[in-house]
Amino acid sequence: MTMWSQSKNDMKYSFLDKSLYEIKDKVVSGERLGFEDGIALYKSNDIVGVGHLADYVRRKLHGKKAFYVYNQHLNFTNICLNRCLFCAFSRDAGEKDAFALSIDDVRSRLMERINEPVRELHVVGGLNSSLSFDYYIELLNTIKEVRPDSTIKAFTAVEIDYIAGIGGLSIEETIAELKKAGLEMIPGGGAEVMSDRVRKKLFPKKIDSNRWLEIMEASHSAGLTSNATMLYGHIETLNERVDHLIKLRELQDKTGGFTAFIPLAFHSKNTKLSHIPSTTAFDDLKNIALARLMLDNFSHIKAYWVMIGERLAQVALSFGADDLDGTIIEEKITHMAGAKSAKGLSRAQMEHLISSAGFTPVERDSFYRLSDK
Ligand code: V47
Ligand code: SF4
């Protein structure tokens, strides 16, 4: 049984794609969708019909509310041992625009915005062999010292695996140490597409999907919530996408520790895959809607405006998304790969995007508690 469930007559709608009627009955009665339903939804050209199903679920869960957070991104290093083929952000040590922030640099970055009501710090970086285990601890301590009232959402499962390696600790011990230093939530990156085939071709050095899931499970057991992502629009197949969503759903059944899912649209500029064209609006909306329909045990689906643009993110609110992520201030990872969206949004811009799409803006913290602004 899903988080919602109603009578079969709850939705009157004429679908152009007749195969969607069967899925509609399942959605309305709260029956879990299977692998074949996922494939049928991805293959359907009835984008409005697919969106209507997702919007039905979205409205059952959140009504007209659309969430966002006042957050700041902090990328502490772009030096990375993995050098995934889809990444325009990473550099080898010694390259001219390679960087690693000292703890003092981190402090100054935070101080630059100290008068802004930042409620969440999103902190991620590459796997940089010149940073020690103590650096990560000091990084968290410093952020907590400068911003005691903000939540630290930091280090993807890929980084946690790496930090455990340099510290010579188990994953459980590493998470306990990071938590003690101020870590409160894990971002959803690094999952990419959970397929060995894609991993071999695009990110052979990165941890595999079993390890990613294992680290997420350990984080949830330690009482940390996390997000989950899927990078789409490169060489993945529809089967691999649906399989990815089902793997996340299975772990969520076990732990309940995921907060939001964020589909990430691949941007190819300045990467080794620059021949791959941008994702289309059609596919971006499909991924939002599919996530809402397949991930029946996830509370929130984010339309990450940085990747799909502010304008499409607004439309995504009617295709299953209930969250626009955050104000961000300065985004690097996607902009280095050619994103045309703004680098940050003000609270007023965010609220305008939401209210002009017919929704009620709700400023939240990392745990979806409401703002006291
Ligand atoms: O793990 C890297 C992806 C991720 C590219 O948890 C790219 O709240 C598109 O995970 N084109 C990092 N995507 C971003 C991320 C995230 C963002 C916002 C919120 C949250 C959250 C998490 O970005 C990486 C990778 O999957 N990525 N390069 C690229 N060229
Ligand atoms: Fe490194 Fe992450 Fe970029 Fe891969 S996506 S090269 S792990 S920074």
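Just so you know, residue 1 is the first one in the sequence shown, and it goes up from there. Atoms within each ligand, like the ligands themselves, are counted from 1 in listed order. In this text, all values refer to a predicted model and were calculated from it rather than measured experimentally.
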Subject >> Heavy-atom nearest neighbour in the protein, as seen from atom 7 (C) of ligand 1, with distance rounded to 0.1 Å >> reply: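 I find the closest protein heavy atom is Leu231 CD1, 3.8 Å.
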
Ligand 1 contact by [X], heavy-atom criterion under 4.0 angstrom:
X      : value
Ala88  : no
Thr156 : no
Ser268 : no
His122 : yes
Leu264 : yes

Subject >> Other residues, nucleotides, ligands: >12 heavy atoms within 6.0 Å of Lys18 NZ >> reply: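 Check passes, neighbour count above 12.
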
Subject >> Residue selection (non-hydrogen contact nearest atom 26 (O) of ligand 1) among Met336, Met307, Glu192 >> reply: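 Going through Met336, Met307, Glu192 one by one, Glu192 has the nearest heavy atom to atom 26 (O) of ligand 1.
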
Subject >> Proximity to ligand 1 by part of Phe86, non-hydrogen separation under 4.0 Å >> reply: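 Phe86 to ligand 1: contacts from backbone and side chain alike.
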
Original post:
Is Cys84 touching ligand 1 with its side chain, its backbone, both, or neither, if touching means heavy atoms under 4.0 Å apart?
Top reply: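 Answer for Cys84: neither.
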
Which of the atoms of ligand 1 are close to [X], meaning less than 4.0 Å from one of its heavy atoms?
X      : answer
Thr229 : 10 (O)
Lys153 : 6 (O), 8 (O), 21 (C)
Gly189 : 1 (O), 10 (O)
Gly188 : 6 (O), 21 (C)

Original post:
Which class fits the ring pair Phe258 and His220: parallel under 30°, tilted 30 to 60°, perpendicular over 60°?
Top reply: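 The rings of Phe258 and His220 stand perpendicular, inter-plane angle above 60°.
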
Original post:
Parallel, tilted or perpendicular for Tyr136 and Phe76, by the 30°/60° rule?
Top reply: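 Tyr136 and Phe76: perpendicular rings.
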
Original post:
Looking at Tyr368, is Arg364 sitting on its ring face, NZ or CZ under 6.0 Å from the six-membered ring centre and within 45 degrees of the normal?
Top reply: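 Judged by the rule (NZ or CZ under 6.0 Å from the ring centre, within 45° of its axis), Arg364 counts as positioned above Tyr368.
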
**OP:** Sort by chain and number the protein N/O/S atoms found under 2.8 Å from atom 1 (Fe) of ligand 2.
**Re:**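 Correct list: Cys80 SG.
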
Original post:
When you look for heavy atoms under 4.0 Å from ligand 2, do you find them on the side chain of Phe203, its backbone, both, or neither?
Top reply: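 Neither; nothing of Phe203 gets under 4.0 Å from ligand 2.
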
**OP:** Give a yes or no on whether a salt bridge exists between Asp253 and Arg32, defined as a side-chain N under 4.0 angstrom from a carboxylate O.
**Re:**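 Result for this pair is yes, salt bridge flagged.
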
Original post:
Would you call Lys201-Glu240 a salt bridge at under 4.0 Å N-O?
Top reply: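 Not counted as a salt bridge, because no side-chain N and carboxylate O are separated by less than 4.0 Å.
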
Original post:
Run the side-chain hydrogen bond (donor to acceptor under 3.5 Å, both in side chains) check on Tyr135 and Asn128 step by step: do they pass?
Top reply: CA-CA 11 Å; Tyr135 173 90; Asn128 180 344; over 6 Å; no

Subject >> Element-labelled atoms of ligand 2 that are located less than 4.0 Å from some non-hydrogen atom of Phe86 >> reply: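 Those qualifying, in numeric order: 5 (S).
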
Original post:
Of all heavy-atom pairs between Ile79 and Thr77, which one has the smallest distance, and what is that distance?
Top reply: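 Smallest heavy-atom distance, with atoms named: N-OG1, 3.1 Å.
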
Original post:
Does any N/O atom on Phe266 come nearer than 3.5 Å to any N/O atom on ligand 1?
Top reply: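 So ligand 1 has no N or O lying under 3.5 Å from an N or O of Phe266.
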
